[in-house]
Novice: 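Could you have a look at this structure, given as structure tokens, before my questions?
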Amino acid sequence: KHAAALHWPDASAGEAAAKRRLAKLAEAKLLKRQEVDVEGYKIIYRLTKDSVDLLTEHNIIPAFIQANWDGKMRDRYADAIASSHLTHELKLYDLKVLLQGAINGHSHLQAIEFGVWPLPYIFEVSYKGKTSGQKPDGFLHVREHPSPDQAPVSHYFYIEFDHRGSEKLD
């Protein structure tokens with residue numbers, strides 16, 4: 001559903017195209033198909049080591065993610081996902097689909113980058129004398145084209161999405 005909404009403008013044809021494309025990527029061992037029963041979803045696809053290597057090779061994801069595959073990264077993608085974590089991820093993608101569609105629905109706005117993986121967007125924050133790394137749920141870069149005679153303006157946003165209201169921000 002998310003792949004179709006983000007990559008194919010025709011919703012009905014997009015879902016069929018997304019299913020075919022995801023199945024081919026799974027067949028090529030670039031994605032791992034996993035059956036789930038969360039938030040109305042029955043199947044999800046996850047990255048494999050081969051896909052991480054390929055994405056790193058083409059500079060789509062940072063090399064440190066590939067370098068960490070034998071640690072937390074492998075566990076994250078090899079082990080089953082807890083339903084509470086999966087619910088969070090799926091709702092975050094729902095948000096991405098809605099925001100990206102709304103932004104790109106305006107001729108003067110363009111979603112340049114919309115990442116929902118925290119590792120590339122870690123930043124440091126100092127609060128009450130302590131510094132800590134923050135891992136936002138996502139990052140959004142929107143470019144605004146006010147008028148043809150004005151230079152484009154970029155807007156950057158970190159996204160923290162907590163649908164349960166349980167995350168402490170300080």
Novice: In terms of hydrophobic clusters joined by side-chain contacts under 4.5 Å, are L99 and L109 together?
Specialist: yes
Novice: Would you say E124 has more than 12 foreign heavy atoms packed within less than 6.0 Å of its CD?
Specialist: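 Buried by this count: over 12 neighbours within 6.0 Å.
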Novice: Does a side-chain heavy-atom distance below 4.5 Å link I159 with F114?
Specialist: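 SC-SC contact between I159 and F114 confirmed.
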Novice: If you take all heavy atoms of P152 and P146, which pair is closest and at what distance?
Specialist: CA-CD, 4.3 Å
Novice: Linking I/L/V/M/F/W/Y whenever their side-chain heavy atoms sit closer than 4.5 Å, directly or via other members, would Y121 and V142 fall into one cluster?
Specialist: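 No, Y121 does not connect to V142 through the hydrophobic network.
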Novice: Applying a strict under-4.5 Å side-chain criterion to I, L, V, M, F, W and Y, I'd like to know whether I112 and L140 cluster together.
Specialist: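 No; L140 is not reachable from I112 via cluster members.
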Novice: Can you tell me how far apart CD (E27) and CG (L22) are? Round to the nearest 0.5 Å.
Specialist: 12.5 Å
Novice: Nearest 0.5 Å please: distance from the CG atom of L98 over to the NZ atom of K96.
Specialist: 12.5 Å
Novice: Is any side-chain heavy atom of I44 closer than 4.5 Å to a side-chain heavy atom of E89?
Specialist: no
Novice: Closest heavy-atom contact between P136 and Y158?
Specialist: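 Looking at all heavy atoms of both residues, the shortest contact is CG-CD2, 3.5 Å.
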Novice: Minimum heavy-atom separation for Q110 and N104, please, with both atom names.
Specialist: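 Closest heavy-atom pair between Q110 and N104: CA-OD1, 3.6 Å.
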Novice: With a 4.5 Å heavy-atom cut-off, do K42 and D37 have their side chains touching?
Specialist: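 Yes, their side chains come closer than 4.5 Å.
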Novice: For K135 versus E160, what's the shortest heavy-atom pair and its separation?
Specialist: O-OE1, 3.8 Å
Novice: Find the distance between CG (D53) and NE2 (H58) and round it off to the nearest 0.5 Å.
Specialist: 11.0 Å
Novice: Honestly curious: do F139 and V125 fall in one hydrophobic cluster under the side-chain, below-4.5 Å linking rule?
Specialist: yes
Novice: Is there a continuous path of hydrophobic side-chain contacts, each under 4.5 Å between heavy atoms, that joins F157 to I103?
Specialist: yes
Novice: Regarding Y127 and Q134, is there a side-chain donor-to-acceptor distance under 3.5 Å anywhere?
Specialist: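 Side chains of Y127 and Q134: no pair found under 3.5 Å.
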Novice: Could you state the interatomic distance from OG1 (T87) to CG (L92), rounded to the nearest 0.5 Å?
Specialist: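 With rounding to 0.5 Å, OG1 (T87) is 12.5 Å from CG (L92).
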Novice: According to the side-chain hydrogen bond (donor to acceptor under 3.5 Å, both in side chains) rule, which pairs have a member within residues 141-154, sequence neighbours left out?
Specialist: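 Counting only pairs at least two positions apart or across chains, the side-chain hydrogen bond (donor to acceptor under 3.5 Å, both in side chains) contacts touching residues 141-154 are H141-S154, E144-H155, S147-D149, S147-Q150.
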Novice: Answer yes or no: is there a side-chain heavy-atom contact under 4.5 Å between L55 and L47?
Specialist: yes
Novice: Return yes if some donor-acceptor pair links the side-chain N/O of K29 with the main-chain N/O of T48 below 3.5 Å, else return no.
Specialist: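 Such a contact is absent between K29 side chain and T48 backbone.
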Novice: Hey, what do you get for NZ (K91) to CG (D137), rounding to the nearest 0.5 Å?
Specialist: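 It is 13.5 Å, given to the nearest 0.5 Å.
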